[in-house]
Amino acid sequence: MSRRWLLVLPVALVLAGLTSASRLQMFWWPDELHDRTTGRQGEPVRLRDQWVDEAGDEHHRELTVTLVDVRPATTVEGFSGPERLDPPTGTAVWEVRLRLDVGEDVPLGGCHVSVLDDEGHEADAVGGSVGGVQVPTTACEPEGRTGPGYDGSPPDGDAPRPASYEVSAYAVTAASMVPDRVRLWWEAPDVAELSLGSR
Amino acid sequence: MTGRGWGHRAGVAVAAAALLAAGSLVQGLLPDPEDDPGAAPHRRTAAVGEPVDVRTATVTVEGVDGSTRVEDLGTEKVSPGLWLVVRYTVVAERENTAMSFAELEDDEGRTWSLAARNSNSCTAGPPGLPSHCVAVFEVPVDAVPTLRLSLARESSDTRFDALAVVDLGLTEADAEAFALAGVLAVPDAGLGASDAEEES
């Protein structure tokens, strides 16, 4: 009698696992960048991104992004003009150049850019102090020409955002890291993943 | 129907009281409904200078200095106890990572968290690049000889995650030396090779 119940045990464990799978989804799946729109360097990629506001209402934005280039950064824009970058030993700074084509009424604040190597190591383009130079934080809008905020109000005194423009984001990495692709996203799970060169 | 005597009733009352007492005792032994032992952080112990694998990064406490006075961002701060300045390095594994949780504990179970004048400066470094971090704590002199530093990724939630617990290896002699030391400059946190590594 007891042996028969042992035979049922694996089935029961599988059922228990399946019925609790929704818990996994609730915990981390929505926060992962799993809804990928892929493309290659130089190729315009259409991205549709959804987000939920504080009231729980769902919104979406559409834009076209093109990865123009990823190159070692030699200078960054400082308060009084370009400043030379001289990263410490073992450190590299990459300039990620992106072109965005987007309507001027689309809010773009709070974007994220990262650089990945072919093993999936990911370095966020978040700026910071490198070799005594302040590397800018990432913004996906031209300085002084931002679009509307998420509450619909444009910043005071700014000119309208152009329909097409380029921005740079700077990622600090270990010197040994070789960039393979770039990610651009606002809120998970939507992300644009753009490969470098002919990869 | 009237055959049950006082002895029987007393027996029922004693049995009921015993059951209530036993139930109360068992309830007291059960874990609190809000306790979740399975969610406790995974403690990984080490000494100063020993790398600790905390899953998302490798953490190494490089050294500890102390004084009654520290200079931080141009401001001198004086303690009636001691300031401890802990230098540690974080090397991220897969993505930008910092240690946002830092806490000191002594053998009496007293803890010093990142409250009041205590601070923790740690940049979330990219994979493979050392992030040099600095934690500053104000503690009483008698706590120094048994202090352990706990470090983890999330400042407000260490559940399920790895927790580096580093014995700072300090002694009463260290505490006395710290009490007599001059103003201690708090080093800057930052990414990449430290000055010493650059020179070598």
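Values below: all heavy atoms of this structure, side chains included; hydrogens, waters and symmetry mates excluded. Naming convention: chains lettered A, B, ... in sequence-line order (proteins, then strands); numbering from 1 in each chain.
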task: Mind listing the closest non-hydrogen atom pair of A/Thr173 and B/Pro126 along with its distance?
output: CA-CG, 3.8 Å

B/Val48-B/Met99 co-clustered via ILVMFWY side chain contacts under 4.5 Å: yes

field: Residue B/Arg43 excluded, over 12 heavy atoms near CZ under 6.0 Å
entry: no

message: Other residues, nucleotides and ligands only: do more than 12 of their heavy atoms fall within 6.0 Å of CD on A/Gln50?
response: yes

message: If you count every heavy atom of other residues, nucleotides or ligands that lies below 6.0 Å from B/Arg110 atom CZ, does the total exceed 12?
response: yes

message: Tell me whether A/Glu32 at atom CD has more than 12 heavy atoms from other residues, nucleotides or ligands lying less than 6.0 Å away.
response: yes

query: Where do A/Ala174 and B/Pro127 come nearest, in terms of heavy atoms and distance?
result: CB-O, 3.7 Å

message: Less than 4.5 Å to any heavy atom of chain B: does that hold for the side chain of A/Val130, its backbone, both, or neither?
response: neither

- request: State, to 0.1 Å, how close A/His121 and B/Glu93 come at their nearest heavy-atom pair, and which atoms those are.
  value: CD2-O, 3.2 Å

- prompt: What's the shortest heavy-atom distance between B/Leu191 and A/Pro88, and which atoms?
  reply: O-CG, 4.4 Å

query: Counting distance only, does the side-chain N/O of A/Asp124 pair as donor-acceptor with the main-chain N or O of B/Asn96 below 3.5 Å?
result: no

